[in-house]
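Every number for a ligand or one of its atoms is a count from 1 in the order of the listing. Here, residue 1 is the first one in the sequence, and each next residue gets the next number. Source: prediction; values computed, not measured.
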Amino acid sequence: MKIIKNSFKGIKVAAEILKGNGTVAFPTETVYGLGANAFSNAAVTKVYKIKRRPISNPLIIHVSSYDMAKEYGVFNDLAEKLARNYWPGPLTIIIKKKKSDVVESATAGLETIALRCPSNIIAQKLIMELDRPIAAPSANISGKLTCTSPKDVSAKLKNSIDALLDGGNADLGLESTVVDCSIGRPCILRPGNISLDEINSFLGYEIAFNLGITKQVKSPGQLLKHYSPDTELYLNQTKPIEGDIFLSFGPHPKEIDGLTLSKSKNLAEAAKNLFSFLHILDRLSKDKGGIPIKVAPIPSYGLGAAINDRLLRAAEK
Ligand code: AMP
Ligand code: MG
């Protein structure tokens, strides 16, 4: 894997690799993406293989503007309203797919397409330089911990991807909120940085969660077990004892190994730290012979809903 520094030239190099049907991990404001030219079946196929992702689980198609997005999806009133308000930003919008050069494998043969316009400037420039949409799931092995730093991407994928475009740590740390606007009653398929309350108050009416908490794959990407470290996670733990590994929220208890997601109980800070701290504690657990990670309760309001969604799936056996 080639490591590319973020620079004018670096973005050109990364775009060249994508043009040649290679795979490039790149930063977005949410998490690192594993990018492929969305017009290339060969490149998209590599992404599924690298991630060991079922080919029935479609990828998010990243664009650099709303105008670009309109070439690939049919924006109804709701989708347009959301795109105009939240893009560029951490919102993925699912709409009816338009006939285009985006390969069928990228959308898993569905009649819908998931589109996102990231606000991260490196991601934006990369898409513009490629002059095509980038199909990108998160840069991690399917079902395993998400990567939010170049270091974690490198540790997990260095032997299987062509390049890593280093853009430092992701600002937000959780995957985008996914809103399905392709159906009569729109719903949130994945909570993220933009909360349900925020979307409801923007729209002036209520849409619902459809998180599909299930062990059966009813619809792609809704498996209960996901985002998992190698070790076990025990949630809602309030009394860690010496010898435990503890992921706390608030001041970290003395004499206990681990980290706090946020000393001041700030949910945005906790979201940003969540995956990178789980990577660290997963390694610590291995050093200690595979003991579980205990996790403190996290409030469920606002961003806490997205954090708890990830933790619940990560802890599923
Ligand atoms: P990730 O692979 O972590 O980036 O997650 C992408 C998410 O978007 C997964 O949950 C996918 O299942 C979901 N997704 C992408 N395209 C579609 C689509 N057309 N319909 C429903 N979900 C989608
Ligand atoms: Mg993912």
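Contacts with ligand 1 closer than 4.0 Å are made by heavy atoms of both the backbone and the side chain of T112. Counting heavy atoms under 4.0 Å from ligand 1, residue T107 does not touch it at all.
Less than 4.0 angstrom separates some heavy atom of L110 from each of these atoms of ligand 1: 18 (C), 19 (N), 20 (N). Remark: ligand 1 atoms within the under-4.0 Å shell around heavy atoms of I60 are 6 (C), 8 (O). Near N57, the atoms of ligand 1 lying under 4.0 angstrom from a non-hydrogen atom of the residue are 9 (C), 11 (C), 12 (O).
Classified by interplanar angle (parallel below 30°, tilted 30° to 60°, perpendicular above 60°), the ring pair F26/H62 is perpendicular. Aromatic ring orientation, F275 versus Y227: tilted (interplanar angle from 30° to 60°).
At under 3.5 Å, a nitrogen or oxygen of R190, whether backbone or side chain, sits near a nitrogen or oxygen of ligand 1. Of the polar atoms of R53, at least one N or O is found under 3.5 Å from an N or O of ligand 1, judged by distance alone.
By the 4.0 Å N-to-carboxylate-O rule, E242 lies too far from K254 to be salt-bridged with it.
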Quiz item: Between R190 and E175, is a salt bridge (charged side-chain N to carboxylate O under 4.0 Å, His left out) present by the stated rule, with each step listed?
Solution: CA-CA 8 Å; R190 178 172 75 187; E175 296 83 349; 5.2 Å; no
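Counting non-hydrogen atoms of other residues, nucleotides and ligands closer than 6.0 Å to NZ of K263 gives a total of 12 or fewer.
Here S138 reaches the Mg ion (ligand 2): one of its N/O/S atoms is less than 2.8 Å from the metal.
For the residue pair S138/K51, the side-chain donor-acceptor check at 3.5 Å is satisfied.
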